[in-house]
S.K.: 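Before I ask anything, let me first share the structure, which is written out below as structure tokens.
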Amino acid sequence: MTVVHPIDRAWITTGGTGAQNYDEFADDAEITAIIADNPRSALGIEMPHRAPESLGESFLDALPAAVRRLGEAKADGSYTPAQGVAVLYRITEPASEAAAYGLWCTVDTDQISTSADEPGLVIRNEDVFIAKVRERVALAEATGHLLSPVLLLQTGRGEELHAALAAATEAAGAPAATDVDGAGRTHAIWPVPPGSLQAKLLALAGGGELVVADGNHRSLAAQTGGLPRFLAVVTTPASVAIQPYNRLVSELPTTVDELLDRLRAAGAAVGAVEEVPRVPGGGGMIRLYAGGGRLYDVRLPGDPGGDVVENLDHALVERVVLRDALGLDPGDKRITYVGGDYPATWLAAEVDAGRAELAVLIAPVTVDEFVAVNLARRKMPRKSTWFTPKARAGLVLAQL
């Protein structure tokens with residue numbers, strides 16, 4: 001019996017509503033600008049307090065505007081209803097034949113597992129910020145819809161699913177809708193009604209353990225909100241890659257020199273670097289950029305008695321740099337988590353412009369590390385895996 005199901009009451013975009021997910025931005029002003037340029041963007045519903053007319057309001061105070069925007073989008077033909085559908089999903093890179101595939105569906109919430117002693121076929125692997133979870137719960141309760149999917153990796157039958165999705169999209173004809181993201185990728189969707197093809201694809205999508213690649217907060221929100229199922233895109237390992245996930249610290253509680261001294265005292269090896277800031281080429285070393293050309297390679301001390309999770313670069317940054325040397329909790333508002341869509345040069349420019357005091361550049365987690373952590377049913381450090389390409393919000397909605 002599969003844990004993956006069709007979407008009972010779906011709303012399919014007719015175009016123009018697609019958006020980056022709410023948590024993919026390093027600067028809230030970007031969200032406001034996107035909504036201003038395209039009021040039909042699902043961001044206006046997902047992040048109502050960032051819409052131009054709601055600036056200054058809290059997230060909860062702006063929820064009535066989110067409800068209004070969704071009602072208007074359904075009424076003006078931005079979405080069309082469908083029942084009992086799964087939805088084929090293809091993402092193509094600009095000027096390339098490379099394609100990523102997925103299947104929009106719903107997944108049983110009670111299958112989420114967060115530890116080795118918790119049964120379930122959906123593995124959530126990363127610590128979360130509870131304030132973000134509360135916002136997602138409130139949004140679902142206010143609107144009665146899920147607009148942004150959890151991205152799940154099919155680990156058991158990934159190759160079969162990849163081949164089946166590629167063949168199905170090839171045979172499906174013109175897509176129901178397309179959307180182009182900021183990187184120039186084209187996102188295309190095809191609803192699949194009940195029948196043999198839908199049953200085959202759902203069986204493959206649910207044919208093995210599903211690892212949360214993106215959407216840890218959204219999956220926990222489904223649990224917290226008591227939802228029996230959550231909206232998901234099941235994708236394949238061949239469809240995704242892991243990019244860097246860096247940090248910006250807007251205000252240091254100490255000087256840069258004192259920070260470096262504290263790191264040395266903790267056993268780190270610190271050396272100045274004369275080059276353009278860039279992400280390290282491999283694990284075991286991080287880079288700190290403090291502005292004015294001050295760039296440092298830092299080898300943080302590992303824990304000989306620790307396991308693979310405790311010695312990941314992201315875990316060492318969280319423990320040795322943020323907590324011990326700077327006295328900052330990972331959820332401190334002075335820390336911004338910056339995904340791989342933003343290059344190291346962008347982070348350096350933020351520091352040089354005075355909008356941040358320190359950039360922390362971290363090599364991406366490898367697929368082998370990610371798999372090892374998940375097989376052990378351990379949690380990844382917060383914001384340590386930036387999978388690309390990401391499933392786009394606002395293309396397929398699930399009505400609760």
S.K.: Could you pull out the closest heavy-atom pair between A232 and V107, with the gap in Å?
M.R.: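 Looking at all heavy atoms of both residues, the closest pair is CB-CG2, 3.8 Å.
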
S.K.: Under 3.5 Å, side-chain donor or acceptor atoms of residues 132-141 against the rest of the protein: list the pairs with distances, not counting sequence neighbours.
M.R.:
from : atom 1 : to  : atom 2 : distance (Å)
R136 : NH1    : E46 : OE1    : 3.4
R136 : NH2    : E46 : O      : 3.2

S.K.: Can you name the residues that form a ring pair (Phe, Tyr, Trp, His ring centres under 6.0 Å) with Y22, not counting sequence neighbours?
M.R.: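 For Y22, no residue satisfies ring pair (Phe, Tyr, Trp, His ring centres under 6.0 Å) once neighbours in sequence are set aside.
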
S.K.: Under the side-chain contact (heavy atoms from CB on, under 4.5 Å) rule, what do D8 and R229 come out as? Steps first, then yes or no, please.
M.R.: CA-CA 10 Å; D8 289 338; R229 295 176 184 172; 4.1 Å; yes

S.K.: If you count heavy atoms of other groups shown closer than 6.0 angstrom to CD of E170, is the number above 12?
M.R.: no

S.K.: Which atom names give the shortest non-hydrogen contact between S113 and G120, and what distance separates them?
M.R.: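 Closest heavy-atom pair between S113 and G120: CB-O, 4.0 Å.
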
S.K.: From the options W190, Y89, F230, select the one residue that forms a ring-ring contact (aromatic ring centres under 6.0 Å, His included) with W104.
M.R.: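 Answer to the ring-ring contact (aromatic ring centres under 6.0 Å, His included) test with W104 among W190, Y89, F230: Y89.
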
S.K.: Under 3.5 Å, is there a donor-acceptor pair linking the side chains of D108 and H5?
M.R.: yes

S.K.: Short question: side chain of T14, backbone of S78 - any donor-acceptor pair under 3.5 Å?
M.R.: yes

S.K.: Report the distance from atom CD of Q154 to atom CG of L210, rounding to the nearest 0.5 Å.
M.R.: 5.0 Å

S.K.: Would you check if the side chain of T32 reaches a backbone N or O of R50 as a donor-acceptor pair within less than 3.5 Å?
M.R.: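 Checked: pair present.
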
S.K.: Taking R247 for its side chain and L361 for its backbone only, find out whether a donor-acceptor pair lies under 3.5 Å.
M.R.: no

S.K.: Taking ILVMFWY side chains as joined if any heavy atoms are under 4.5 angstrom apart, and letting links pass through other members, which residues group with V67?
M.R.: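 Answer for V67: none, a lone residue.
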
S.K.: Keeping the roles fixed (side chain from T255, backbone from E258), state whether a donor-acceptor pair exists under 3.5 Å.
M.R.: yes

S.K.: I need the minimum non-hydrogen distance between G283 and A363, along with the two atoms involved.
M.R.: N-CB, 3.9 Å

S.K.: Step by step, work out the side-chain contact (heavy atoms from CB on, under 4.5 Å) result for L161 and Y101.
M.R.: CA-CA 9 Å; L161 177 61; Y101 298 97; over 6 Å; no

S.K.: Are the side chain of S41 and the backbone N or O of G44 linked by a donor-acceptor pair below 3.5 Å?
M.R.: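 Not confirmed, S41 side chain does not pair with G44 backbone.
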
S.K.: Would you name the heavy atoms of F370 and V365 that are closest together and state the gap between them?
M.R.: N-CG1, 4.0 Å

S.K.: Around E53, counting heavy atoms of other residues, nucleotides and ligands shown, do more than 12 lie under 6.0 Å from its CD?
M.R.: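 Yes, because the 6.0 Å sphere around CD of E53 holds more than 12 heavy atoms from other groups.
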
S.K.: Does the ring centre of Y337 sit less than 6.0 Å away from the ring centre of Y342?
M.R.: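 No - the distance between ring centres of Y342 and Y337 does not fall below the 6.0 Å cut-off.
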
S.K.: Check whether any side-chain N or O of S219 sits under 3.5 Å from a backbone N or O of N216 as a donor-acceptor pair, and report yes or no.
M.R.: yes

S.K.: Is the shortest heavy-atom distance from the side chain of L397 to the side chain of L70 under 4.5 Å?
M.R.: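 They are in side-chain contact.
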
S.K.: Can the positive tip of K390 be found less than 6.0 Å from the middle of the six-membered ring of W386, inside 45° of the ring normal?
M.R.: yes

S.K.: So, are R392 and D179 salt-bridged, with charged N and O less than 4.0 Å apart?
M.R.: yes

S.K.: Can you name the nearest heavy-atom pair linking G18 to L395, along with the distance?
M.R.: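 That would be CA-CD2, 3.8 Å.
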
S.K.: Would you say R40's side chain and T17's backbone share a donor-acceptor pair under 3.5 angstrom?
M.R.: no

S.K.: Can any side-chain N or O of N21 pair as donor or acceptor with the backbone N or O of E24 at less than 3.5 Å?
M.R.: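 No.
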
S.K.: How about H145 and K74: does a side-chain donor come under 3.5 Å of a side-chain acceptor?
M.R.: yes

S.K.: Got a sec: does the CD of E93 have more than 12 other heavy atoms crowding it under 6.0 Å?
M.R.: yes

S.K.: Determine the minimum heavy-atom distance between V351 and L358, stating which atoms define it.
M.R.: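 Closest pair (atom of V351, atom of L358, distance): CG2-C, 3.9 Å.
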
